[in-house]
Amino acid sequence: MAASDSIAKTYYLETFGCQMNVHDSEKVRGTLAARGYSQVEDPEAAGLVLYNTCSIRDKAEQKVLQRVATFKYQPNGRKFGILGCVAQHNGEALFESAPHVNLVCGSASYNQLPHLLERLENGENRVTGLSLDTDETFDQPQVERSSPHSAYITIIEGCDKNCSYCVVPFTRGPERSRSSESVMEEARRIAANGTGEITLLGQTVNSYRDPSGAGWSFARLLDEVGRVDGVRRVRFTTSHPRDFTPDIVEAIDGNPALCDWVHLPVQSGSSRVLAGMRRTYTRDEYLRVIEAIKAAKRDIVLSTDIIVGFPGETQRDFEETLSLVEQVDYAQMFSFKYSPRRGTDSVEMADPVPEAEKSRRLQVLQELQRRLQLRRNQSWIGRDDEVLVEGRREKFDQWHGHTAQNRVLNFSDPLGVAGASDLRGAYCKVRITAAGPNSLIGELVSIERKPSAALGLRVLQ
Ligand code: SAH
Ligand code: SF4
Ligand code: F3S
């Protein structure tokens, strides 16, 4: 039976996982819009329901599978699709475990989506896009972006690093870089539309290799994006320590549009564990990269990811992680308990550390990080920083946004500097008056740049 006419070309899309997935969903929305679909906020009102999924840890995958299993809205021929990393990792097995699934498509096959959608529209019930052997990147001109002020650009897809614990090489396929020309063209288009902040994305963003004749390095690309007219901030994530070359630090030093924040996951402070993880660097090599970043003229802040309880991690290994965290003094950390993933090499490794001990280590690490963040954030009290305003919390009479160094900053306007203006999209100078471990609080000093003319500075209703 075909979907009832009123919902046939409507879709509901829910996104799980990392920024690459968030941006992929923007591309999927663009593809759907180009085929005449409109988005709805309620799955019951949608003819096509899509989950863009994450399988990085077992918990993430279980959450998705449970949502898939309990998906009940399927009268009227409504179609149901699983996109992203769980789709790629579980493949056609999803049809067996959840017979109401109609589409299974991984991110490496999104360029096939128009064709796959057509097959669904023609009444097919089991459609897949699971090929990983693609040389093409998903260069999607019809991206439907969620924010007018901040935009993602994927510059490299996939990952070749093969860390022993990680599913990403299976779920996103081999590394494929976009040509510098196509990245620049997108950056110019975004900036001309009034968006001042651009984040360059890739699982190993700094492993970028320009496939075109121009042969730009990652550092060159970063610098050139920062020089595009109208671009005020450039971020990039995630960097791999092995490919973090000195020219990236030089580019940040030489171009104020490049944010003074680097996300450089270390995963562990123990060289023994790093070898088991196949991270391709030792503790000392990582710390040398950190030294080079700290020797920059600008004060570049660092953030990281850490896995505790990797198979065989001893108390001593864990203490090396604690000492590294203290030494680097990260501004932010994402820490996780090791999760064994099907198909990865580390599932075969002996893992004698009890679950309760892993939880204890995670807690100790997070407590240390909390202390370091509080100390760091409190050192900002009395100083001024610039924030890109993202929204407003009416209840607290406060605006909020991120600083260039990626800190969350909430601020009020006691002197009425902004009047009745809607500050969303403005870059504001704010004096910091208080600090917690996860955010800063401040007062508006001045508006440095209003939302671009293309977007207009609106008046609050
Ligand atoms: N490409 C990035 C990050 C990829 S995934 C990098 O190499 O750093 C984001 C984070 O999830 C990783 O940095 C790691 O800390 C965590 N992660 C990945 N696989 C994991 C696993 N099997 N168990 C626990 N954490 C994991
Ligand atoms: Fe996974 Fe390692 Fe690739 Fe990061 S670099 S995505 S952790 S395989
Ligand atoms: Fe998750 Fe896939 Fe990103 S596994 S973290 S959504 S690359």
Side-chain angles (χ1 to χ4, degrees), residues 14-25 28 51-64 82-90 105-108 110 132 138 152 154 156-176 201-208 236-244 262-269 273-274 276-281 286 289 302-311 313 321 325 330 332-349 351 355 358-359 361-362 365:
E14 198 168 322
T15 306
F16 306 80
C18 64
Q19 285 157 307
M20 297 206 67
N21 256 22
V22 171
H23 184 39
D24 280 347
S25 283
V28 169
Y51 290 170
N52 188 7
T53 60
C54 172
S55 62
I56 197 76
R57 283 167 293 275
D58 188 54
K59 239 192 215 160
E61 179 170 307
Q62 290 313 321
K63 182 167 144 193
V64 168
I82 314 293
L83 307 177
C85 293
V86 174
Q88 189 69 49
H89 204 42
N90 296 37
C105 181
S107 66
Y110 289 166
L132 277 181
F138 185 49
Y152 292 126
T154 311
I156 176 170
E157 304 266 8
C159 182
D160 282 348
K161 299 291 185 284
N162 242 346
C163 301
S164 63
Y165 53 83
C166 183
V167 290
V168 172
F170 305 103
T171 66
R172 289 188 166 266
E175 277 175 15
R176 288 105 57 206
L201 286 182
Q203 279 301 346
T204 51
V205 72
N206 59 325
S207 304
Y208 176 83
F236 55 100
T237 195
T238 297
S239 295
H240 192 284
R242 194 191 70 190
D243 294 330
F244 207 90
V262 172
H263 184 57
L264 200 64
V266 66
Q267 311 299 359
S268 168
V273 172
L274 288 170
M277 290 176 162
R278 274 206 309 262
R279 285 294 285 183
T280 70
Y281 52 84
Y286 180 86
V289 175
L302 292 147
S303 58
T304 201
D305 295 349
I306 288 185
I307 298 176
V308 301
F310 186 75
E313 182 191 68
T321 297
V325 165
Y330 295 105
Q332 207 183 1
M333 169 195 293
F334 301 92
S335 48
F336 316 96
K337 236 190 321 178
Y338 168 72
S339 166
R341 306 302 291 125
R342 190 179 65 256
T344 63
D345 288 347
S346 63
V347 284
E348 309 297 333
M349 298 178 184
D351 190 6
E355 226 20 58
K358 295 186 181 193
S359 302
R361 289 181 193 171
L362 186 63
L365 175 66

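Below, all heavy atoms of this structure are taken into account, side chains as well, without hydrogens, waters or symmetry copies. Numbering of ligands and ligand atoms starts at 1, following listing order.
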Classify the ring geometry of Phe310 against Tyr338: parallel below 30°, tilted from 30° to 60°, perpendicular beyond 60°.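 It falls in the perpendicular class, over 60°.
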So which heavy atom in the protein is nearest [atom], and how far is it from that ligand atom?
atom                    : value
atom 19 (N) of ligand 1 : Tyr165 CD1, 3.3 Å
atom 1 (Fe) of ligand 2 : Cys166 SG, 2.3 Å
atom 22 (N) of ligand 1 : Ser339 O, 2.8 Å
atom 4 (Fe) of ligand 2 : Arg279 NH1, 4.1 Å

Which bit of Pro169 is near ligand 2, meaning a heavy atom under 4.0 Å away: side chain, backbone, both or neither?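 Contact part for Pro169 vs ligand 2: side chain (C-beta onward).
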Find all atoms of ligand 2 within a distance of less than 4.0 Å from any non-hydrogen atom belonging to [X], and give their numbers and elements.
X      : value
Tyr165 : 7 (S)
His240 : 5 (S)
Thr204 : 5 (S)
Lys161 : 3 (Fe), 5 (S)

Is any N, O or S atom of Cys159 under 2.8 Å away from atom 3 (Fe) of ligand 2?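 Here the distance criterion (N, O or S atom, under 2.8 Å) is met by Cys159, so yes.
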So, 4.0 Å and heavy atoms of [X]: is ligand 3 close enough to count as a contact?
X      : answer
His89  : no
Arg172 : yes
Gly84  : no

Is the closest basic N to carboxylate O distance between [X] and [Y] below 4.0 Å?
X      : Y      : answer
Arg342 : Asp58  : no
Arg341 : Glu61  : yes
Arg172 : Asp160 : no

For atom 2 (Fe) of ligand 2, does an N/O/S atom of Cys163 lie at less than 2.8 Å?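 Here the distance criterion (N, O or S atom, under 2.8 Å) is met by Cys163, so yes.
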Enumerated ligand 1 atoms positioned under 4.0 Å from heavy atoms of Arg57: 11 (O), 16 (C), 17 (N), 23 (N), 24 (C), 25 (N), 26 (C)
Quick check: does any side chain N or O of Asn162 sit under 3.5 Å from a backbone N or O of Pro169, one acting as donor and the other as acceptor?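 No; judged by distance alone, with no hydrogens or angles, the pair does not exist.
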Out of His240, Arg279, Met20, the nearest non-hydrogen contact to atom 7 (O) of ligand 1 is supplied by Arg279
